A.B. asks: 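This is the structure I have questions about; it appears just below.
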Amino acid sequence: MYMIPASAFKMVNSFSTDKVKAVTESFTSMRILVGGREYPTFPKKANSEMVKIGRSFLGLPAAATVEFTQDEMKIHNEKDQVVKNEKIRDFQNVQFGVIRKMGFAARVPFLTSAMTIAIKMQDQSYYILNSDFTPFKELVALFKAQSVNVEDPFNIASLPSNEKRDEYFNKNYEELCKGTNYPVSYGSNYGVKGF
């Protein structure tokens, strides 16, 4: 099993961080675009203007995106410009995992689970964090079709649904962490669930 370096778990993901640079250094919250669908699905188009106003008021940049096509990974910056491309066939290893982090709802803290994707290449790695586990199966199939080694030490494949992620992983998260480099708790400075 690929042992993710401890430095990848350091929390540098404040909203002001350059996510395009940070994603090669530590787990970074990014939207995932695969099969024409974006995850997480929030914000809905109907309230996207309110989200923009809220982000502007709080001084938060737009979310960056990682897009997976049939043969490429494309990193989009906060302005939705593609700034980096990698061929999926060049991935040496992809490890899916889970980070338990602090979230807030109505100023009440709670533990929530986020999916991690560690992509190991010959000369660098990418560390993606996303609050939605829904794209897991589609991504696994995509990577395996390109003969990429895929690891799932947290058994995400058995997750009943994205909505049950916290219940599912909080039951035995500490046990699942054993034998990995994953921290028992990641902590968080995120004010919005999932980011």
Side-chain angles (χ1 to χ4, degrees), residues 1-10 12-13 17-42 62-99 113-165 168-169 176-177 179-182 186 194-195:
M1 179 174 64
Y2 172 58
M3 294 301 279
I4 298 169
S7 61
F9 295 99
K10 71 179 180 179
V12 296
N13 298 318
T17 299
D18 176 1
K19 290 186 176 192
V20 174
K21 180 178 182 279
V23 74
T24 62
E25 298 170 354
S26 66
F27 282 105
T28 303
S29 289
M30 298 187 80
R31 293 184 185 275
I32 294 174
L33 179 62
V34 62
R37 292 177 299 281
E38 191 172 63
Y39 303 94
T41 54
F42 179 84
T65 301
V66 58
E67 176 184 3
F68 294 97
T69 67
Q70 289 303 309
D71 60 352
E72 281 188 312
M73 175 180 77
K74 300 176 182 182
I75 305 287
H76 298 246
N77 65 13
E78 290 83 357
K79 295 178 183 171
D80 203 28
Q81 300 164 326
V82 176
V83 293
K84 190 140 189 147
N85 291 39
E86 299 285 3
K87 294 287 184 193
I88 292 174
R89 70 173 177 262
D90 294 336
F91 294 1
Q92 292 180 335
N93 190 71
V94 175
Q95 184 181 103
F96 288 89
V98 179
I99 286 181
S113 300
M115 179 175 69
T116 63
I117 307 172
I119 299 170
K120 174 95 173 88
M121 300 185 70
Q122 177 139 0
D123 57 347
Q124 74 178 21
S125 296
Y126 291 89
Y127 304 103
I128 300 160
L129 184 66
N130 189 282
S131 62
D132 196 333
F133 288 80
T134 307
F136 170 78
K137 290 179 181 174
E138 187 171 357
L139 289 171
V140 167
L142 178 67
F143 298 148
K144 286 186 175 184
Q146 293 281 332
S147 301
V148 175
N149 182 51
V150 175
E151 298 176 349
D152 180 15
F154 287 82
N155 198 18
I156 297 169
S158 296
L159 177 65
S161 70
N162 185 60
E163 292 72 27
K164 297 202 181 260
R165 68 184 183 268
Y168 180 78
F169 290 115
L176 291 170
C177 282
T180 72
N181 257 3
Y182 283 78
Y186 184 62
F195 290 92

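This one's a predicted model, so the numbers in the text were calculated from it and none came from an experiment.
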A.B. asks: Is the count of non-hydrogen atoms from other residues, nucleotides or ligands lying under 6.0 Å from Q124 atom CD greater than 12?
C.D. replies: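 Counting other residues, nucleotides and ligands, CD of Q124 exceeds 12 neighbours.
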A.B. asks: Could you report the tightest heavy-atom contact between N162 and S131, atom names first, then the distance?
C.D. replies: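 Reported closest heavy-atom pair: OD1-O, 3.7 Å.
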A.B. asks: Using side-chain heavy atoms (C-beta onward) and a distance below 4.5 Å, is Q146 in contact with D71?
C.D. replies: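 Yes, their side chains come closer than 4.5 Å.
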A.B. asks: So how far is it from I119 CD1 to D90 CG, rounded to the nearest 0.5 Å?
C.D. replies: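 Output value for this atom pair is 12.0 Å.
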A.B. asks: Kindly say whether the aromatic ring centers of F96 and F133 come within a distance under 6.0 Å.
C.D. replies: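 They do not qualify: ring centres at least 6.0 Å apart.
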A.B. asks: Whether the side chain of R37 engages the backbone of G35 through a donor-acceptor N/O pair (distance < 3.5 Å, no angle test) should be reported.
C.D. replies: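 Judged by distance alone, yes, a pair lies under 3.5 Å.
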A.B. asks: Answer whether the closest heavy-atom distance between the side chains of V66 and M73 falls below 4.5 Å.
C.D. replies: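 With C-beta onward as the side chain, the pair touches.
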A.B. asks: Identify the two heavy atoms, one from E38 and one from L33, that lie closest to each other, and give their separation to 0.1 Å.
C.D. replies: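 For E38 and L33, the tightest heavy-atom pair comes out as N-CD1, 3.9 Å.
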A.B. asks: Say whether Y168 and S113, considering side chains only, have a donor N or O and an acceptor N or O under 3.5 Å apart.
C.D. replies: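 No, S113 and Y168 have no side-chain donor paired with an acceptor closer than 3.5 Å.
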A.B. asks: Would a 4.5 Å heavy-atom cut-off, applied to side chains only, mark Y182 and C177 as touching?
C.D. replies: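 Side chain of Y182 against side chain of C177, heavy atoms only: contact under 4.5 Å found.
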A.B. asks: Measure the shortest side-chain to side-chain distance between M121 and F91 over non-hydrogen atoms and say whether it is less than 4.5 angstrom.
C.D. replies: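 Result yes, sub-4.5 Å side-chain heavy-atom pair found.
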A.B. asks: Roughly how far apart are K120 NZ and Y2 OH, rounded to 0.5 Å?
C.D. replies: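 The distance works out to 5.5 Å.
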A.B. asks: Take the angle between the ring planes of F27 and Y127 and call it parallel below 30°, perpendicular above 60°, tilted in between.
C.D. replies: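 Ring orientation, 0 to 90° scale: perpendicular.
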A.B. asks: Under the side chain to side chain contact (heavy atoms under 4.5 Å, CB included) rule, what do K74 and K84 come out as? Steps first, then yes or no, please.
C.D. replies: CA-CA 6 Å; K74 300 176 182 182; K84 190 140 189 147; over 6 Å; no
A.B. asks: Using modelled atom types and a 3.5 Å cut-off, is there a donor and acceptor pairing between side-chain atoms of R31 and backbone atoms of A64?
C.D. replies: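 Checking the backbone N and O of A64 against the side chain of R31, no donor-acceptor pair under 3.5 Å is found.
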A.B. asks: Check whether any side-chain heavy atom of L129 sits under 4.5 Å from a side-chain heavy atom of T116, and report yes or no.
C.D. replies: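 The answer is yes; the side chains approach within 4.5 Å.
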A.B. asks: A side-chain contact here means heavy atoms from C-beta on lying under 4.5 Å apart; do F169 and L176 qualify?
C.D. replies: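 F169 vs L176: side chains touch.
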A.B. asks: Could you state the interatomic distance from NZ (K137) to CD1 (I156), rounded to the nearest 0.5 Å?
C.D. replies: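 Reported to 0.5 Å precision, the distance equals 11.5 Å.
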A.B. asks: What heavy-atom pair brings R165 and L159 nearest, and what distance separates the two atoms?
C.D. replies: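 In this case the closest contact between R165 and L159 is CA-CD1, 3.7 Å.
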A.B. asks: State which residue, out of V94, V140, N93, fulfils the side chain to side chain contact (heavy atoms under 4.5 Å, CB included) condition with V148.
C.D. replies: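 One option only clears the test, and that one is V94.
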A.B. asks: If you compare all heavy atoms of M115 against all heavy atoms of P135, which two are closest, and at what distance to 0.1 Å?
C.D. replies: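 For M115 versus P135, the nearest heavy atoms are CE-CG, 4.0 Å.
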A.B. asks: So, taking the atom named CD in E86 and the one named CD1 in I75, what distance separates them when rounded to the nearest 0.5 Å?
C.D. replies: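 Between atom CD of E86 and atom CD1 of I75 there are 8.0 Å.
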A.B. asks: How close do I128 and M30 get, counting heavy atoms only, and between which atoms?
C.D. replies: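 Smallest heavy-atom distance, with atoms named: CG2-CB, 4.4 Å.
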A.B. asks: Answer whether the closest heavy-atom distance between the side chains of N130 and I117 falls below 4.5 Å.
C.D. replies: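 Result no, sub-4.5 Å side-chain heavy-atom pair not found.
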A.B. asks: Using a 4.5 Å cut-off on heavy atoms from C-beta on, say whether the side chain of Q81 contacts that of H76.
C.D. replies: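 H76 does not reach Q81 side chain to side chain.
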A.B. asks: With a 3.5 Å distance limit and no angle check, can you tell me whether D152 reaches the backbone of A157 through a side-chain donor-acceptor pair?
C.D. replies: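 Side chain of D152 to backbone of A157, a donor-acceptor pair under 3.5 Å: yes, one is there.
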A.B. asks: Looking only at non-hydrogen atoms, find the nearest pair between T41 and D132 and report the distance.
C.D. replies: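 Closest approach of T41 to D132, heavy atoms only: N-OD2, 4.4 Å.
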A.B. asks: Report the distance from atom CD of E67 to atom CG of N85, rounding to the nearest 0.5 Å.
C.D. replies: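 The distance works out to 9.0 Å.
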